[in-house]
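Just so it is clear: chains get the letters A, B, ... in the order the sequence lines come, proteins before strands, and each one is counted from 1. Note that these values count all heavy atoms, side chains included, but never hydrogens, waters or copies made by symmetry.
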2 protein chains.
Amino acid sequence: MFVGVYSGSTRCKGDRLGADRERQMATIKDVAAKVGVSVATVSNALNDKPNVGSTVRRKVLRAATELGYRPHRAAQAMRKGRTRAIGLVLPDLTNPFFPQLAQTVENKARKLGLLVCLIDSQDSAEGEADGLTLLAQHGVDGIIWCPVGPRIPQPIHTLGRPVVLVDRPRPGFAVVHSNNLMGGRLLAEYALRQGHRRVGLLSGPRSVASAQQRRNGFLTAHPQRLEIAWEVRVGFDGLLSPEARAVLLERRGATLIVAGNDLIAINALRLLTQQNVRVPDDVSIVGFDDISWARIVSPRLTTIAQPLAAIGTRAVQLLQERMSGTAIASRATVFDVTLVERESVKSI
Amino acid sequence: MFVGVYSGSTRCKGDRLGADRERQMATIKDVAAKVGVSVATVSNALNDKPNVGSTVRRKVLRAATELGYRPHRAAQAMRKGRTRAIGLVLPDLTNPFFPQLAQTVENKARKLGLLVCLIDSQDSAEGEADGLTLLAQHGVDGIIWCPVGPRIPQPIHTLGRPVVLVDRPRPGFAVVHSNNLMGGRLLAEYALRQGHRRVGLLSGPRSVASAQQRRNGFLTAHPQRLEIAWEVRVGFDGLLSPEARAVLLERRGATLIVAGNDLIAINALRLLTQQNVRVPDDVSIVGFDDISWARIVSPRLTTIAQPLAAIGTRAVQLLQERMSGTAIASRATVFDVTLVERESVKSI
DNA sequence: CACGGCAAGAAAAACGTTTAACTGGGCACC
DNA sequence: GGTGCCCAGTTAAACGTTTTTCTTGCCGTG
């Protein structure tokens, strides 16, 4: 691949220049000197400690803003043992489920003055462990984590910092996720309302708890009225195994296909469309997650929406509680999900 | 929205417990004590300084790994003035263009031992400035930045750290982006090859340089052979103004619609499909970017692919160069783009 | 054999904060 | 009028590194 390089002057404004060095970050010493008071007093004044007079406090505050003083976080971290940064460890940003989560987490965290350090493990346990080690080394105050595998990697144990899981529970950890069981039930009821009796299942992996719950919710809602024509397990990345493709095209009397998530549903949809099977006229499909893609495929996908923003917000809140040590309210938060009806299901 | 809370024991493994405290992170002092040598020597040994004997060096290295010692980054930052963290400032993670960039940036940075601190400004100049301030306060060593507006916010100037822009150049800053002019030209040539003569333009905003270059590349490639039926400016988020919708449905003889990016193209595609205009039979569409959505709409979108992974990799590399101060090779890197032919264009 | 130089390591200072311990003065109380 | 206390500060220590300076012993050399 050709790479053009415009050279010319290679120095840029964005570089560290000697000239730029003039503008050193103001330190607490500078503030102290400006006011004519000790550094301890400045620190106390800025941190609302009681032992400083009101006039001096005012002067300090003014001087601080005048100098544009901001405490050096590394120094604070060193002293206090807290970084005011949190880790966000996700399996795969290209799965559209996660960017939205990341966005709300970052925004809520920033509102609390917390910096978000991102790790994308690319679905690899090794990458995840590396990332966690890096976070530990930086001394983040807590971690929001969507684990890739069932095993808890070593760095988590030596971390000594609170961890909040999202979407995927693990025994002994705080978690916030949505009610997958309920989602499954909603889909079952909807299927019945639309007159479907015989369904095919493209379930997610047996090892992923949420996949299992979606499936069980669906199966146990009306076991006597819904008939399972077939069930195939596929990965949450949506890639269809040859077996899945074969069963899917065969259909075996199923009028509705229930996919473990939207990625699976969309891939199934594409395969069917390619083979000139019309959706929803020949067969209906439902997904799960309501990722952004669900809105842009055609037909648009009927699916279960997770309140992603709420999940992210709650995760930050939970982590914050645990970081500050105050009011550890709860261990698990489960959000209701909602059915989003679009055009991929036909009433029969 | 209902929120279920499973209380039970509210203490979790992930919390800071007294019992967990036993497992404090080993410090350089511990290593020194274990070997029976001074901390300075340990530091020197670990940093490959010359003034330490080979036997002692070996012992130190062994002790360090045995204790699982990792230097406390806050302390290092304090002393060295470098954090080994970089900022990644993006306008909007829900635009599928950016997660992929973020993923490669994070992975390449991690390979270099750099932690990536994420800011999602949600397309707001204020959020961006806040994020940059936060990064400055944390003392990140450099920033990879896709600016939201034309104005350079204050924090950048007082930062004193290298900055590398992605996708959107600004005067005086290092940048890595793809060759939008070339992309425009490729599209023009492709349009001609497919027999189109009269085209409609859904260009991106005049204020965004890349939008302008795509447009100009298209217009100047074969000015005498392509006729512009109409041109409407829309935002890069793809939302169509009433004017755009009207013109689009009217078409005025255009057989091909050239959109400023994929988001615009997809929205146009949806509008047309809704109104029973068949794509590509009645009218063809091309996009720009090759975001993941381009592959899942139907018809799949013919578009220009940017080498996102290469851009991310190069940005990290460029930043690394500038951070270490060695070999500031270049100011701008421009990547070639490629035409991805799918089904949204019909030959006429 | 005295002395310079060098190698290997120790001691101490420094980075920017916070905080515990201390100081001095004013004032209330007995 | 002494005693003790509180207020409003100051001094100094501490966090975990790196780096500069200092020490010690040894070797080679004149």
Side-chain angles (χ1 to χ4, degrees), chain A residues 21 24-61 63-64 67-85 113 136-141 158 160-161, chain B residues 21 23-61 63-64 67-85 113 136-141 160-161:
Chain A
R21 281 260 167 231
Q24 282 284 8
M25 195 75 126
T27 147
I28 202 174
K29 258 186 201 157
D30 302 327
V31 181
K34 176 151 186 170
V35 183
V37 84
S38 81
V39 290
T41 302
V42 174
S43 175
N44 285 329
L46 293 176
N47 292 321
D48 283 328
K49 291 291 164 58
N51 52 341
V52 37
S54 60
T55 54
V56 171
R57 167 162 286 146
R58 255 198 312 280
K59 277 197 210 170
V60 168
L61 257 42
L67 291 173
Y69 167 76
R70 309 235 161 240
H72 191 308
R73 289 227 165 162
Q76 277 184 316
M78 165 118 261
R79 187 61 235 236
K80 294 202 183 180
R82 300 185 315 136
T83 359
R84 310 239 45 179
Q137 204 174 342
H138 269 269
V140 292
D141 294 341
T158 87
R161 291 277 191 269
Chain B
R21 282 261 167 231
R23 254 296 198 180
Q24 282 285 8
M25 194 75 126
T27 147
I28 201 174
K29 258 186 200 156
D30 302 327
V31 181
K34 177 152 185 170
V35 182
V37 84
S38 81
V39 290
T41 302
V42 174
S43 176
N44 285 329
L46 293 176
N47 293 321
D48 284 327
K49 292 290 164 59
N51 51 342
V52 36
S54 60
T55 54
V56 171
R57 167 163 285 146
R58 255 198 312 278
K59 277 197 211 170
V60 168
L61 256 42
L67 292 172
Y69 166 76
R70 308 235 161 239
H72 191 309
R73 290 228 164 162
Q76 277 184 317
M78 165 118 258
R79 188 59 235 234
K80 293 199 181 180
R82 300 185 316 135
T83 1
R84 309 238 50 184
Q137 205 174 341
H138 269 269
V140 293
D141 294 341
R161 292 275 190 270

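Here C/dA14 presents its C1' atom at 15 Å from CD of B/Gln76, a figure rounded to the nearest Å.
Using a 4.0 Å heavy-atom criterion, one finds that B/Arg57 contacts no nucleic acid atom at all.
Applying the side chain to side chain donor-acceptor pair (under 3.5 Å) test to every pair with at least one member in residues 28-37 of chain B, sequence neighbours left out, gives these pairs: B/Lys34-B/Glu66.
None of A/Val35, A/Val52, A/Val37, A/Val56 except one satisfies the side-chain contact (heavy atoms from CB on, under 4.5 Å) rule with A/Val42; the exception is A/Val37.
Contacts between residues 27-38 of chain B and DNA chain C, defined by a heavy-atom separation under 4.0 Å, are made by B/Val37, B/Ser38.
Partners of B/Thr41 under the side-chain hydrogen bond (donor to acceptor under 3.5 Å, both in side chains) rule, at least two apart in sequence or in another chain, are B/Ser38. Residues passing the side chain to side chain contact (heavy atoms under 4.5 Å, CB included) test with B/Asn47 are B/Ser43, B/Lys49, sequence neighbours excluded. Under the rule for a side chain to side chain contact (heavy atoms under 4.5 Å, CB included), the partners of A/Ala85 that lie at least two apart in sequence or sit in another chain are A/Thr83, A/Leu115, A/Cys117, A/Val140, B/His138. For A/Gln137, the side chain to side chain contact (heavy atoms under 4.5 Å, CB included) partners are A/Leu134, B/Arg70, B/Pro71, B/Arg73, not counting sequence neighbours.
For DNA chain D, the span of nucleotides reached by chain A at under 4.0 Å from its heavy atoms goes, 5' to 3', from D/dA8 to D/dG16.
Comparing the axis of the opening five pairs of the helix from C/dC1-D/dG30 to C/dC30-D/dG1 with that of the closing five pairs yields an angle of 60°, rounded to 10°.
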Any chance you could list the contact pattern along nucleotides 19-28 of chain C? Use B for base contacts, S for sugar-phosphate-only contacts and - for none, protein heavy atoms under 4.0 Å, 5' to 3'. B---------

